[in-house]
Amino acid sequence: MAKENVLIIAVKKGSETDDHYQSSVQEIKSLSYTAGGNVVEIVTQNRVQIHPVTYVGEGKLEEVKQRIIQLDIELVIANDELSPGQLRNLNDHFGIRVIDRSQLILDIFASRAKTKEGQLQVELAQLEYTLPRLHGMGLVMSRLGGGIGTRGPGETKLETDQRHIRRRIDDIKRRLKDVVKQREQYRKRRKLNQVFQIAIVGYTNAGKSTIFNRLTNESALEEDLLFATLDPLTRQIHLPSGFKVLLTDTVGFLQDLPTSLIAAFKSTLEEVREADFLLHVVDASHEGNEEQQNTVMQILRELDAHTIPMLTVYNKSDLLQEDFIPLHHPYIVMSAYDEKDQETLVLKIEEVLKQEWDQYSISLKPDKGRLMNQLGTHTIVTRKQYNENKNQYDLEGFIPQIHPLQSMVKEQDNVDDK
C-alpha cells in the first residue's frame with residue numbers, strides 16, 4: 001500500500017523546554033512512520049500558547065496551505081490534541097484530512113490490538129475521542145479505511161450517529177467490566193499463591209519485548225516500531241537460585257499519551273501497579289533518553305506505582321558511541337542480544353532483591369521436604385548443605401518482608417533454638 005504524504009504542524013509553547021519540544025517533534029515523526037505515513041515536511045511555530053481557533057497563527061496557516069499544494073500533501077498531523085473547533089476549522093481551511101497526535105496514537109493502537117480486550121479498549125478510547133468531534137470530522141468519517149486516522153478495531157466504520165456511539169460506549173464499558181473482574185480474580189489468585197510478579201515497563205521501543213523474549217524463550221513481536229507490543233504477556237521464569245517469578249511485558253509509555261487511552265487501558269496498566277518489582281527498560285542510545293525516563297517515572301507516579309522496588313535496565317549498549325552516565329540507581333547497562341548480558345541481568349535482579357529482603361538461616365530435618373521446596377521456589381536460597389553429623393539441611397537465603405513463609409521460618413528457628 002502506498003504511503004500517504006504527511007505534513008506535520010507543531011507549536012512550541014512559551015512554557016515548553018527545548019528538549020521536551022524537540023523530542024515530541026521527533027516522536028510524532030516516528031509515530032507517523034509507524035502508522036504508515038511518509039513525512040514530507042514539518043512546519044513549526046513559536047507561540048506563547050496554541051491559537052484557540054486554528055492551532056497555528058493566520059500567517060502560518062496560509063504557509064501550510066501553500067505547502068500542501070506544492071508538495072501534494074494528503075494528510076496534516078498536528079503535534080497536540082486539537083479541540084473539536086480547531087479540528088473543524090483546519091479541515092475546512094486546508095481541504096484535506098487533518099488529525100491530531102491523539103488520533104494518530106489511537107490509530108496505531110487500533111492496528112496493533114490483537115486480543116479481544118485490547119480491541120475493546122482501543123475502540124472505547126476512539127469512540128470517546130470521536131464523540132465531541134463528530135462535526136469536525138466529516139472528511140475523516142466519510143470513508144472506510146481512508147488512510148491514517150481512519151482505522152478502528154476490526155476495520156469497522158465508526159457511525160456518525162451520536163446516539164449509536166453512546167450506546168456502543170455503554171456496551172463496551174459493560175463488556176470491559178467483566179474482563180476487569182476476570183483480571184482482578186486472576187491477580188488475587190496469584191497473590192494468594194504468593195507468586196512474585198515482575199513487570200517490564202519503559203518507553204515505547206526501548207527493547208522491552210526483546211528482553212522479555214530472551215528471558216522467557218518466547219517469540220513475542222519484536223519490531224523497530226513504536227507500540228510493537230500492545231497486549232500484555234505474562235510468563236513464568238526461574239531466576240538462577242531457583243526462585244520462581246512471573247514476568248509481564250507491558251505496553252510502552254509515551255509522553256503526552258491521550259487521557260482516554262490511559263483510562264481505557266486502566267485494567268492493563270493495573271498489571272504494573274500490582275507488580276512486586278519493576279524492570280524499567282531504557283534505550284540508552286536514544287539522545288532523548290533522559291526525557292523518556294522522566295516520562296516513564298511521571299506515568300508510574302500517576303499509576304501510584306513509583307514506590308515499587310525497581311531496577312533500571314539501560315539497554316542497547318551496543319549502539320552507544322560514548323561513555324554512558326546513568327540517571328537512576330540501581331541499574332545495569334546491557335544489550336538484550338548479548339547472552340552474557342542476559343545472564344548478568346537475572347543475577348542483578350537477585351542482587352537487588354537481596355538488598356530489599358530479610359536474610360534468614362535455618363536448619364531443617366529431612367522430613368521437612370515440603371518447606372524446603374517452598375523456600376527454594378518462593379525465596380532466594382544462597383546456600384543449601386546437608387549436615388551428616390546432625391542429619392539436617394542447613395539453608396541460608398533471603399525472603400520478602402511480608403510473606404507467609406516468614407512465620408514458618410521463625411517457627412523453625414525457635415524449634416532449632418530449643
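For this chain, numbers begin at 1 and follow the sequence in order.
Under the 3.5 Å distance criterion, the side-chain polar atoms of Q293 are matched with a main-chain donor or acceptor of N289. Between the side chain of T377 and the backbone N or O of Q374 there is no donor-acceptor pair closer than 3.5 Å. Judged purely by atom type and a 3.5 angstrom limit, E290 has no side-chain atom pairing as donor or acceptor with the backbone of L327. Of the possible donor and acceptor atoms, none in the side chain of N315 sits under 3.5 Å from a partner among the backbone N and O of V281. Side chain of D72 to main chain of N5: no donor-acceptor pair is present (N/O by atom type, distance under 3.5 Å, no hydrogens or angles). The backbone N or O of L319 lies less than 3.5 Å from no partner atom in the side chain of S285, so there is not a single donor-acceptor pair.
Residues passing the side-chain hydrogen bond (donor to acceptor under 3.5 Å, both in side chains) test with H286 are Q292, sequence neighbours excluded. Remark: R175 engages D171 in a salt bridge (Lys or Arg N to Asp or Glu O under 4.0 Å) (not counting sequence neighbours). Among residues two or more places apart in sequence or in another chain, the side-chain hydrogen bond (donor to acceptor under 3.5 Å, both in side chains) test is passed with D80 by K13, Y55.
Note that CG of L345 and OG of S335 are 11.5 Å apart. Values are rounded to the nearest 0.5 Å. Interatomic distance, CD of E291 versus OG1 of T17, reported as 5.5 Å (0.5 Å rounding). The line from CD1 of I308 to CD of Q197 is 10.0 Å long, rounded to the nearest 0.5 Å. With values rounded to the nearest 0.5 angstrom, N294 atom CG is found 10.0 Å from H20 atom NE2. Here the CD1 atom belonging to I42 is positioned 4.5 Å from the CD1 atom belonging to I8, to the nearest 0.5 angstrom. Put simply, CG on L82 and CD1 on I50 are 8.0 Å apart, with the number rounded to the nearest 0.5 Å.
L127 approaches R168 most closely through the heavy-atom pair CD1-CG, 3.4 Å. Nearest heavy atoms, V122 versus L106: CG1-O, 3.9 Å. Nearest heavy atoms, E350 versus S241: OE2-OG, 2.6 Å. Between F94 and V64, the shortest heavy-atom distance links the atoms CZ-CG1, 3.5 Å. Nearest heavy-atom pair across I148 and S32 is CD1-O, 4.3 Å. Nearest heavy atom pair, residue D276 against residue V195, reads OD2-O, 3.9 Å.
Using a 4.0 Å cut-off between charged side-chain N and carboxylate O, D249 and R235 make no salt bridge. Ion pairing between E128 and K173 holds under the 4.0 Å rule for side-chain N and carboxylate O. Note on E396 versus K384: no salt bridge recorded, every NZ/NE/NH1/NH2 to OD/OE distance being 4.0 Å or above. Using a cutoff of 4.0 Å between basic side-chain nitrogens and carboxylate oxygens, R101 and E81 are not scored as salt-bridged. We find that K348 and E351 are joined by a salt bridge, their nearest charged nitrogen and carboxylate oxygen being less than 4.0 Å apart. Under the 4.0 Å criterion applied to side-chain N and carboxylate O atoms, K60 and E63 are assigned as salt-bridge partners.
The shortest side-chain heavy-atom distance between N91 and V76 does not fall under the 4.5 Å cut-off. Side-chain contact check for D338 versus D318: every heavy-atom pair is 4.5 Å or farther apart. In this structure, the side chains of S317 and D341 come closer than 4.5 Å at one or more pairs of heavy atoms. Put simply, the side chain of Y203 reaches to within 4.5 Å of the side chain of L254, judged on heavy atoms. Looking at heavy atoms from C-beta onward, L176 lies in side-chain contact with E117 at the 4.5 angstrom threshold. A heavy-atom distance below 4.5 Å is not found between the side chains of V11 and N79. In this structure, the side chains of L75 and I73 stay at 4.5 Å or more apart for every pair of heavy atoms. Considering only heavy atoms from C-beta on, I198 comes within 4.5 Å of I349 through its side chain.
Cation-pi check for R133 over Y129 is met; the charged atom lies under 6.0 angstrom from the ring centroid and within 45 degrees of its normal.
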Walk me through it: do E74 and R97 pass the test side-chain contact (heavy atoms from CB on, under 4.5 Å)?
CA-CA 7 Å; E74 298 162 90; R97 287 189 308 116; over 6 Å; no
Stepwise side-chain contact (heavy atoms from CB on, under 4.5 Å) check, V313 with H280
CA-CA 6 Å; V313 181; H280 174 192; over 6 Å; no
For N38 and E4, what are the C-alpha separation, side-chain angles and deciding distance, and is it a side-chain hydrogen bond (donor to acceptor under 3.5 Å, both in side chains)?
CA-CA 6 Å; N38 171 40; E4 283 182 276; over 6 Å; no
side-chain hydrogen bond (donor to acceptor under 3.5 Å, both in side chains) for Q86 and T54? Distances and angles first, verdict last.
CA-CA 5 Å; Q86 288 168 334; T54 52; over 6 Å; no
Is there a side-chain contact (heavy atoms from CB on, under 4.5 Å) between Q45 and H51? Walk through the geometry before answering.
CA-CA 11 Å; Q45 184 174 40; H51 195 290; over 6 Å; no
Stepwise, does the side-chain hydrogen bond (donor to acceptor under 3.5 Å, both in side chains) test hold for Q298 with E302?
CA-CA 6 Å; Q298 178 58 37; E302 287 167 14; 3.3 Å; yes
In sequence, state the C-alpha distance, the side-chain angles, and the governing distance for T382 and K354, and then conclude on side-chain contact (heavy atoms from CB on, under 4.5 Å).
CA-CA 10 Å; T382 53; K354 286 178 198 173; 3.9 Å; yes
Going through the distances and angles, do E58 and H93 end up as a side-chain hydrogen bond (donor to acceptor under 3.5 Å, both in side chains)?
CA-CA 11 Å; E58 282 183 33; H93 194 84; over 6 Å; no
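No more than 12 heavy-atom neighbours from other residues, nucleotides or ligands sit within 6.0 angstrom of CD on Q49. Within a 6.0 Å radius of CD in Q401, more than 12 heavy atoms belonging to other residues, nucleotides or ligands are found. Other residues, nucleotides and ligands contribute over 12 non-hydrogen atoms within 6.0 Å of the NZ atom of K65. With a 6.0 Å radius and a threshold of 12 heavy atoms from other residues, nucleotides or ligands, K12 has its NZ atom above the threshold. Residue R383 places its CZ atom among more than 12 non-hydrogen atoms of other residues, nucleotides or ligands, all under 6.0 Å distant.
Using cut-offs of 30° and 60° on the angle between ring planes, the pair Y314 and Y331 is perpendicular. Note on ring orientation: taking the six-membered ring where Trp is involved, the planes of F277 and F196 are tilted (angle from 30° to 60°). Using bins of under 30°, 30° to 60° and over 60° for the plane-to-plane angle, the ring pair H403/H378 lands in the tilted bin.
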